[in-house]
Amino acid sequence: MSYKLRCVHCGRTYEPNEVLYTCPVCGPRLGTLEVVYDTLPTETNFDLEHKGIWAFSDFLPVKKNHFEVPLLVGNTPLYEKKELAKEMGLANLYIKDDGRNPTASYKDRASALAIAKAKELGYDTVYCASTGNAASSLSGLAAASGIKSVIFVPKAAPQAKITQLLVYGATVIAVDGSYDDAFDLSLQVGEEFGWYCRNSAINPYLLEGKKTGAMEAAYQLDWNIPDVAMVSVGDGTVVSSIYKGFRDLKEAGITNKIPKIIGVQAEGANAVMRTFESGIYDKPQDMKASSMADSISVGKPRDVLKACKYVESSGGKFISVSDEEIGKAIVEMARKTGVFAEPAGATTYAGLKKISKELLGMSVVLFITGNGLKDINTVRSYVGQVHVVKPELQAAKEVLKDAGAI
Ligand SMILES: *Cc1c(COP(=O)(O)O)cnc(C)c1O
Ligand SMILES: [Zn+2]
């Protein structure tokens with residue numbers, strides 16, 4: 001599709017070949033770019049099942065013969081949870097499980113676009129800084145596509161995520177610092193060596209890949225757009241992408257409504273929420289981040305301006321939840337729905353629990369962004385112990401009785 005890139009801060013527009021990442025006038029923090037299409041398609045049939053996110057390629061900033069990662073990205077399930085909705089007083093509740101992507105997080109939608117662009121522009125190496133998932137996603141999709149990846153993660157990233165990177169063959173640099181430190185270092189190194197950058201917000205195409213999550217949900221709901229869409233927020237790109245996906249469909253005339261978007265942050269890393277509430281979106285309320293939800297433990301959110309503007313236009317807002325609420329939400333959601341999410345994924349569910357009284361009678365879709373197996377250590381203290389027993393029937397009966405199972 002033919003498109004232009006527009007700065008969310010100053011509104012200048014650029015041709016795709018004029019700029020690579022951000023607005024040269026406003027700089028990388030505020031001058032993130034949004035993709036604006038010359039025309040949007042109007043067809044309503046999408047072959048999600050076979051093509052995943054590429055079913056929506058007419059809504060994406062790629063050429064006709066674009067490069068597709070040879071893995072099925074997207075086409076994740078949307079579950080209708082009638083009972084749970086009733087319990088919470090909602091008209092309906094849908095859970096979109098993006099932990100079911102090839103590398104087990106929502107980030108695959110963005111990495112697929114980054115790799116397609118890297119190939120189109122002739123790069124052989126891609127890089128990113130990441131709390132974990134963008135990295136494992138990029139390295140997995142790069143491996144499938146035969147290009148190299150260099151990854152910068154904070155040293156404290158969960159082991160499962162780091163191991164996933166090494167398994168896929170990425171060069172992994174563990175930065176002795178925070179995600180925000182890793183982000184800044186990666187940009188210096190990447191620029192020096194001329195690699196293609198897959199850092200959140202900096203690269204305008206990532207959001208376009210991510211918006212397919214919203215478009216899929218809309219398609220799976222036969223274009224009956226729910227009243228509210230909720231998702232967890234770190235840098236603010238995913239939440240922006242949910243809005244953009246619904247907005248593009250509305251602008252194309254395929255749907256007639258954009259849900260209220262509610263972004264959920266961890267209390268120890270709620271810079272986007274605080275910026276939103278201050279009302280001055282171009283003065284980000286940066287902080288030192290700390291949360292067990294590592295994927296959203298971001299103190300210097302890189303897509304804060306876009307996230308605030310988009311959420312405001314949707315009529316939504318940002319809320320935050322405590323680590324304790326997140327821990328409990330992982331377990332409760334797994335037990336009530338069978339969907340086991342990593343902390344940042346379950347943050348959305350924790351947010352719903354917190355404000356369900358405000359949403360009485362509404363239909364709600366929750367985007368679950370990452371799989372629980374990504375980080376099993378954090379949730380361990382929220383579940384019980386196993387029952388050890390000798391291999392004897394009587395002993396097993398006693399233990400079962402103690403456990404209250406019989
Ligand atoms: C990256 C990520 C998010 C948040 O996305 P942002 O664009 O940083 O706001 C939420 N959940 C998971 C599992 C993630 O990996
Ligand atoms: Zn600008």
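Ring planes of Tyr219 and Phe56: perpendicular class, angle over 60° (limits at 30 and 60°). Ring geometry, Tyr127 versus Phe152: the interplanar angle exceeds 60°, so the pair is classed perpendicular (tilted spans 30 to 60°). Between Phe59 and Phe46, the ring planes are tilted. Angles from 30° to 60° get that label. Aromatic ring pairs are classed by plane angle as parallel below 30°, tilted from 30° to 60° and perpendicular above 60°; the pair Phe246 and Phe367 is perpendicular.
Shown here is Glu43, whose CD atom has more than 12 heavy atoms of other residues, nucleotides or ligands within 6.0 Å. Heavy-atom neighbours of Lys148 NZ from other residues, nucleotides or ligands within 6.0 Å: at or below the threshold of 12.
Tested against Tyr106 for a side chain to side chain contact (heavy atoms under 4.5 Å, CB included), the candidates Val238, Thr237, Ile368 yield a single pass: Val238. Tested against Glu216 for a salt bridge (charged side-chain N to carboxylate O under 4.0 Å, His left out), the candidates Arg109, Lys210, Arg100 yield a single pass: Arg109. Only one option out of Thr76, Asn101, Thr103 pairs with Asp108 in a side-chain hydrogen bond (donor to acceptor under 3.5 Å, both in side chains); it is Thr103.
Formation of a donor-acceptor pair under 3.5 Å by the Lys374 side chain with backbone atoms of Ala104 is not found in this model.
Every residue meeting the salt bridge (Lys or Arg N to Asp or Glu O under 4.0 Å) condition with Asp38, not counting sequence neighbours, appears here in chain and number order: Lys4. Under the side chain to side chain contact (heavy atoms under 4.5 Å, CB included) criterion, Glu267 pairs with Ser320, Ser322, Glu325, Lys354, not counting sequence neighbours. Not counting sequence neighbours, the partners of Lys244 by the salt bridge (Lys or Arg N to Asp or Glu O under 4.0 Å) test are Glu208, Asp248.
Between the NZ atom in Lys107 and the SG atom in Cys128 there is a gap of 10.0 Å [rounded to 0.5 Å].
No side-chain donor-acceptor contact under 3.5 Å links Glu342 and Asn371.
Side-chain atoms of Leu305 and His9, non-hydrogen and from C-beta on, do get closer than 4.5 Å to each other.
With ring centers used as reference points, Tyr281 lies under 6.0 Å from Phe276.
Nearest heavy atoms, Ile202 versus Thr22: O-CG2, 3.7 Å.
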